[in-house]
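Chain A is the first sequence line, chain B the second, and so forth, proteins listed ahead of strands; every chain is numbered from 1. It should be emphasised that the depicted structure is a prediction, and the values quoted were computed from it without experimental measurement.
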Amino acid sequence: MNANYLDDLNERQREAVTTLKGPLMIIAGAGSGKTKVLTTRIAHLMRNGVDAFNILALTFTNKAAKEMKERVEKILGGNEARNLYIGTFHSVFARLLRSDAPKLGYPSDFTIYDADDAKSVVKTIVNELNLDDKHYKPNLVYNRISAAKNSLMSPEEYQHDYYVQQEDQRANRPLVGKIYEMYAKRCFKNGAMDFDDLLYKMYVLLKGFPEVLAKYQHKFKYIMIDEYQDTNPAQYEIVKLLGAVHENICVVGDDAQSIYSFRGATIQNILQFEKDYDDVKVVKLEQNYRSTKSILNVANEVIAKNKGQIEKNLWTDNTEGDKIKLIRTNTDNDEGKFVSDTIAEQKLRNHYANRDFAILYRTNAQSRSFEESLRRMAIPYRIYGGISFYQRKEIKDFLAYLRVIINTRDEESIKRIINYPVRGIGKTTIEKITIYSNEQNITFWQVLENAREFGFKGGTLEAIENFVTMMHSFRVQLEKQNAYDVAVQVGKSTNIVKELFNDKTTEGLARYENIQELLNSIKEFTETPTEDGELLDKSLGSYLQQITLLTDADQGNDQDSDVVKLMTIHAAKGLEFPVVFTVGLEESLFPSGMSINSREELEEERRLFYVAVTRAKSRLFLTYANSRYRFGQLQQNEPSRFIDEMPDQYIDRSYAGGMRNAGNFGGGGVSWGGMFDKRKTPAQQSTPVTRTVSKPVSSGAASNHTPSPNFAADDPAQMEAGMDVEHQKFGFGKIMSLEGAPNNRIATVVFPKGGGEKKIMLNYAKLMIVRNSG
DNA sequence: TTAGGCGCTGTTTTT
DNA sequence: CAGCGCCTAA
């Protein structure tokens, strides 16, 4: 290893790195070498005889965890870093809970519900309580539940908390507490934890089982926490418990970059740290190595508008650099075009690569205009965030099978797959099963296993029994085969893979490829040895828990791909780029219209703006549009108030019409390198663009067939391919093929006069076989 | 029982 | 401009 690793540090950094014992708070300004300090400190701990097994480092993103691990390895050389416990709060606790969850009555292979799963459970319960889900919106209710858990509030406490109850009363949603209680019970019954449970139950475990607490207190003698300003009360309490014995707690953060209060994070955790422990050492990293003076000065001046910050003075030795460019465009599409044009221009003029650019926006929905313009310019890009791979419907469906194989208690997942692909177990049947399950207080799956005793008959019983048998066979296979083989078998037995393969539409093709990709990822998981601490758990259960915690940003090998990156500002935290475009700087968009009602909210938006600005190393472009499409309608927007908060001397406003509200972009005669010559006039612009929508090819030519006088439907079982048939409406036709289960056959019939080929469900649409009498 | 069409509604950020 | 829920045809 590099023996001189301390030499690369400045004085403050070295002080932070070499303070090994006791509570330590590192206030790390943007670009001040925070990750370097953290990783070097871990290495230094190990150089001073601390066993890797005794170090716990918690981060907020998998990406940060991965980077930290890699950098420690690099400093140390060899594979000493292998035994470190580095990960996100959620993934580390999920791993710990895997061994101790049974103490709380959960299976160790508990399912992890993502936000969609959780909302779906909430919705089910709202419906069960006969409440109106237009009023008790699952989203809102789930957010309340989530907030409760993040403050370690149980359903009982929630229902007895005066203040909380007042809030719910005022919102006219007095039953949220009841829903929370039922939600918690349902998740428990399902053997499932949501994201918040991973923290909440961890706390419950440590509180309720002193021997477990002692075990981890002993194990994690040194604890480090990244992005401490974004921790919530649950995380705070857990850390406090874990660190109570040794008090070797090192937190790193920057109150100016606290942007997750909507997720329950409280900035108080970092502001109060000094009061929480005796003899806290505070080290401030104030030298910025990332940005030009211009960029840093703008950032500093804007953030100074916030109150109650930890005092610090971020400075840099870097050059002054270009002024920040402020650009006003007429529409959101012009904004997209400007950014793409400028990227092309900057690549030529200053020899940047695609990967040197980032486009940062407040909301995911803003990505569209940039995608379009980048595509038109043939500039490769990648969008981070949005729907992650694992949230796609086909993936969730497939994973639901695997989840049920691992954890049959998981009712949510069973419901997802019990009739996918269609096997004749419909809404009515599912409702019955739910009722039996609730009445008898047994799991959904147990009702399925005993379907006959519960009085299911005929086709339904058969369908249920087939389903149960199939799932049983998967479970048996899992004992002998690895996760990949079982997954492949699931794809085959359920016909899912074949079905998608036969779907030749673009979306069908994409879905098929996604499933293949999923199978590959399972294969990779089973075959690659992990270096994740003590986790050498290659089981399917372990795999499922891991992937639920994966984000879109964690996917793929993007490090080396040369693409422009598009993401929300939230997603950009911790990253840096030579050239940054922060776009959509308009009132009600940024700051968000949802966050301008209180000083606290607005200050968080301002911190977000601070984060956006400080991502830039050498060039920063800020853009806003006079009008943009929102809710499918053209909307006029005022420039963001943050624009006025920036010091003039570092801003080049010549592309923003000089001053605020100075005419519109089109009339001002301002152009950027002559690239906006084809801009539309305002009059043209206001005309809505109506796209010519080609009418769907109508297969239904006027089908006014009069049925034969002796028309009588024939038994579907008698139908065969090649037969001539008559339909009451479509007239005469020929059966081309038949598919589907025997009790639910679907015929493809060609009706020459009735509009061509049609799929007919024989149970519902009647066909008569035409008997050739001569 | 299911798919697909139509109209209503809601829109921030994410582990 | 979605994505969802409800209704209808098959």
Remember a base hit wins even if backbone is also touched, and classify [X] as base, sugar-phosphate or nothing at under 4.0 Å, heavy atoms.
X        : answer
A:Asp114 : nothing
A:Thr428 : sugar-phosphate
A:Phe89  : nothing
A:Asp196 : nothing

Atom [atom1] of [X] and atom [atom2] of [N]: how far apart are they, to the nearest Å?
X        : N      : atom1 : atom2 : value
A:Lys134 : B:dC8  : NZ    : P     : 11 Å
A:Gln366 : C:dA2  : CD    : C1'   : 16 Å
A:Tyr390 : B:dT14 : OH    : P     : 19 Å
A:Glu601 : B:dT13 : CD    : P     : 15 Å
A:Glu499 : B:dT2  : CD    : P     : 13 Å
A:Ile596 : B:dT12 : CD1   : C1'   : 13 Å
A:Asn364 : C:dA2  : CG    : P     : 14 Å
A:Glu371 : C:dC1  : CD    : C1'   : 14 Å

Non-neighbouring partners of A:Asn139 that pass side-chain hydrogen bond (donor to acceptor under 3.5 Å, both in side chains), sequence neighbours left out: A:Lys119

B:dT15 OP1/OP2 closer than 4.0 Å to side-chain N/O of A:Asn232: no

When you measure from the side chain of [X], which nucleotide among [options] comes out closest?
X        : options               : result
A:Val422 : B:dT14, B:dT2, B:dG10 : B:dT2
A:Phe262 : B:dT1, B:dT13, B:dT15 : B:dT13
A:Asn419 : B:dT2, B:dT12, B:dT1  : B:dT2

Residue mapping more 5' on DNA chain B - nearest nucleotide basis, A:Ser592 or A:Thr429: A:Thr429

Closest-nucleotide ordering on DNA chain B, the 5'-leading residue of A:Phe195 and A:Arg630: A:Arg630

Residues touching DNA chain B, which here means a heavy atom under 4.0 Å, drawn from residues 568-575 of chain A: A:Thr568, A:His570

Residues forming a salt bridge (Lys or Arg N to Asp or Glu O under 4.0 Å) with A:Asp114, sequence neighbours excluded: A:Lys396

Contacts of [X] that satisfy ring-ring contact (aromatic ring centres under 6.0 Å, His included) - sequence neighbours left out:
X        : value
A:Phe581 : A:Phe621
A:Phe642 : A:Phe590, A:Phe609
A:Phe262 : A:Tyr260, A:His570

Side-chain donor-acceptor contact under 3.5 Å, A:Glu586 with A:Ser640: no

From A:Thr231, A:Asn232, A:Asp255, A:Asp230, residue fulfilling side-chain hydrogen bond (donor to acceptor under 3.5 Å, both in side chains) relative to A:Asn269: A:Thr231

Distance under 6.0 Å and angle within 45° of ring axis: A:Lys415 vs A:Tyr420: no

C1' spacing across the pair C:dC4 / B:dT13, given as an integer number of angstrom: 23 Å

